[in-house]
Chemist: 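First the structure, then my questions, so here it is.
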Amino acid sequence: MNEQFEIKGKVAVVTGAGGVLGGSIAKSFVRAGAKVVALDIRQEQLDARIADLRSEGGEAIGFIGNVLDRDSLEKVALQIVDKWGRIDILLNIAGGNMPGATLAPEQHFFDMKSADWEKVTTLNLDGTVYPSMVFGKVMAQQKAGSIVNVSSMAAYSAITRVPGYSAAKTAVSNFTQWLASEMALKYGDGVRVNAIAPGFFIGDQNRAVLINPDGSLTERSRKVLAKTPMNRFGDINELNGAVQFLCSPAASFITGVVLPVDGGFSAFSGI
């Protein structure tokens, strides 16, 4: 690999590592030679992820960590620094939508429970802010590091049925730009903050709204593909290279960007 894109030896914290997206990126980072710190709130998923990462022959450790509990994250940060001396990369992957915050076609915005709105907005926004506060502080002290957040196509333009998720991801995009500016102005050009904005990928959280029980596409899927010039859904592994690029020396003058990985969805008017 061109050394510009290398992350070998870097210490990378991955929140939500027990999930599909976090696991995919964590595995790609281990294969690239990074030392991966997997965080997840679920012990069983975390144990399985660590075993999987180590089976790749790489260095990986895991911690139970709640991205909404700053105190628990600070304890994890101390253990990481004690073991490996630094934190080079933070991947804020924990997040996603929730069933109660997704409106069925026949539901109205006024039907959504306040508790469901609060859960999805808190998880996605605060679940990005708090880890950035804790692990980003280590990077600020080092005057070096890279944070990558996860935004969404829902932050670019309105997508029906997901009001809480849309609002939270829009806030994540804004926070990414704000923190990128803050870090560069106060701690120098070595600390960078960016985000990816995935297009449409079929996963556990959205399978029911994109794929019918018989395997055919739903009406929503057909609308998505009609707005996607590549005319297909993404493969989850197609996010890995974009994330690695943003964390590598190749992106040394890139901060505050939200990079679409969307098959052209955000560029196409539909006409």
Side-chain angles (χ1 to χ4, degrees), residues 10-19 21-22 25-26 29 34-42 46 61-96 118-152 155 164-165 167-197 243 246-247 251 254-259:
K10 299 293 185 182
V11 177
V13 178
V14 184
T15 72
L21 176 55
I25 296 174
F29 268 50
K35 300 176 181 178
V36 170
V37 182
L39 266 64
D40 204 280
I41 199 170
R42 304 158 298 179
L46 181 63
I61 57 176
F63 295 98
I64 290 293
N66 184 348
V67 294
L68 301 179
D69 183 347
R70 188 171 172 180
D71 289 340
S72 74
L73 295 176
E74 288 177 345
K75 292 176 183 177
V76 169
L78 288 173
Q79 293 179 78
I80 297 168
V81 173
D82 183 61
K83 180 174 178 62
W84 278 329
R86 59 188 297 108
I87 296 172
D88 300 298
I89 295 167
L90 169 62
L91 307 180
N92 281 314
I93 311 301
E118 290 168 3
K119 284 178 184 178
V120 75
T121 54
T122 298
L123 173 61
N124 286 280
L125 179 56
D126 292 351
T128 297
V129 172
Y130 294 164
S132 298
M133 283 181 169
V134 173
F135 303 113
K137 184 177 181 180
V138 177
M139 297 178 187
Q141 292 167 342
Q142 298 167 171
K143 296 189 181 302
S146 176
I147 297 174
V148 177
N149 300 324
V150 179
S151 182
S152 168
Y165 181 78
K169 289 304 189 182
T170 302
V172 167
S173 290
N174 183 272
F175 173 69
T176 297
Q177 295 175 320
W178 182 88
L179 187 60
S181 302
E182 178 79 355
M183 287 293 202
L185 290 169
K186 292 186 177 176
Y187 304 104
D189 65 355
V191 184
R192 300 181 297 104
V193 185
N194 295 292
I196 58 169
V243 175
L246 290 173
C247 295
I254 298 176
T255 197
V257 309
V258 180
L259 175 63

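All residue numbers in this chain count up from 1 along the given sequence.
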Chemist: Would you give the length of the straight line joining atom OH of Tyr187 to atom CD of Glu182, rounded to the nearest 0.5 angstrom?
Modeler: 6.5 Å
Chemist: Taking side-chain contact (heavy atoms from CB on, under 4.5 Å) as the criterion, tell me which of Leu39, Val11, Ile89, Val37 meets it with Phe135.
Modeler: Leu39
Chemist: How far does NZ of Lys35 sit from CG of Asp88, to the nearest 0.5 angstrom?
Modeler: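 Separation between the atoms: 9.0 Å.
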Chemist: Who passes side-chain contact (heavy atoms from CB on, under 4.5 Å) against Asn149, sequence neighbours left out?
Modeler: Asn92, Thr128, Ser132, Ile147, Val172, Phe175, Thr176, Val193, Ala195
Chemist: The criterion is side-chain contact (heavy atoms from CB on, under 4.5 Å); which residues satisfy it with Lys119, sequence neighbours excluded?
Modeler: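 Lys119: side-chain contact (heavy atoms from CB on, under 4.5 Å) contacts with Met98, Asp116.
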Chemist: Do you know which two heavy atoms are closest between Val258 and Ala197, and how far apart they sit?
Modeler: CG1-CB, 3.8 Å
Chemist: Give, for atom CZ of Arg86 and atom NZ of Lys10, the distance between the pair rounded to the nearest 0.5 Å.
Modeler: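 The distance works out to 6.0 Å.
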Chemist: Report yes if the side chains of Leu91 and Val150 come closer than 4.5 Å at any heavy-atom pair, otherwise no.
Modeler: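 A side-chain contact under 4.5 Å is absent here.
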Chemist: For residues Ala17 and Ala38, report the shortest heavy-atom separation together with the two atoms involved.
Modeler: CB-CB, 3.5 Å
Chemist: What are the two closest heavy atoms between Thr121 and Gly164, and how far apart are they?
Modeler: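 Of all heavy-atom pairs spanning Thr121 and Gly164, the closest is CG2-O, 3.6 Å.
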Chemist: How would you list all residue pairs meeting salt bridge (Lys or Arg N to Asp or Glu O under 4.0 Å) that involve residues 62-72, not counting sequence neighbours?
Modeler: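 Qualifying pairs, neighbours excluded: Arg70-Glu74.
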Chemist: Nearest 0.5 Å, please: how far is CD1 in Ile93 from CG in Asp40?
Modeler: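 It comes to 12.0 Å.
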Chemist: Which heavy-atom pair separates Thr255 from Val191 by the least distance, and what is that distance?
Modeler: OG1-O, 4.5 Å
Chemist: Roughly how far, to the nearest 0.5 Å, is CD1 of Ile41 from OG1 of Thr15?
Modeler: 11.5 Å
Chemist: Considering non-hydrogen atoms only, spot the tightest contact between Cys247 and Val148 and give its length.
Modeler: SG-CG2, 3.7 Å
Chemist: Distance check, rounded to the nearest 0.5 Å: Asp126 atom CG versus Glu118 atom CD?
Modeler: 11.0 Å
Chemist: Taking all non-hydrogen atoms of both residues into account, name the closest pair between Met183 and Ala140 and its distance.
Modeler: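 Taking Met183 first and Ala140 second, the nearest heavy atoms are SD-CB, 4.4 Å.
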Chemist: Show the numbers, then the answer: is there a side-chain contact (heavy atoms from CB on, under 4.5 Å) between Leu259 and Asn194?
Modeler: CA-CA 8 Å; Leu259 175 63; Asn194 295 292; over 6 Å; no
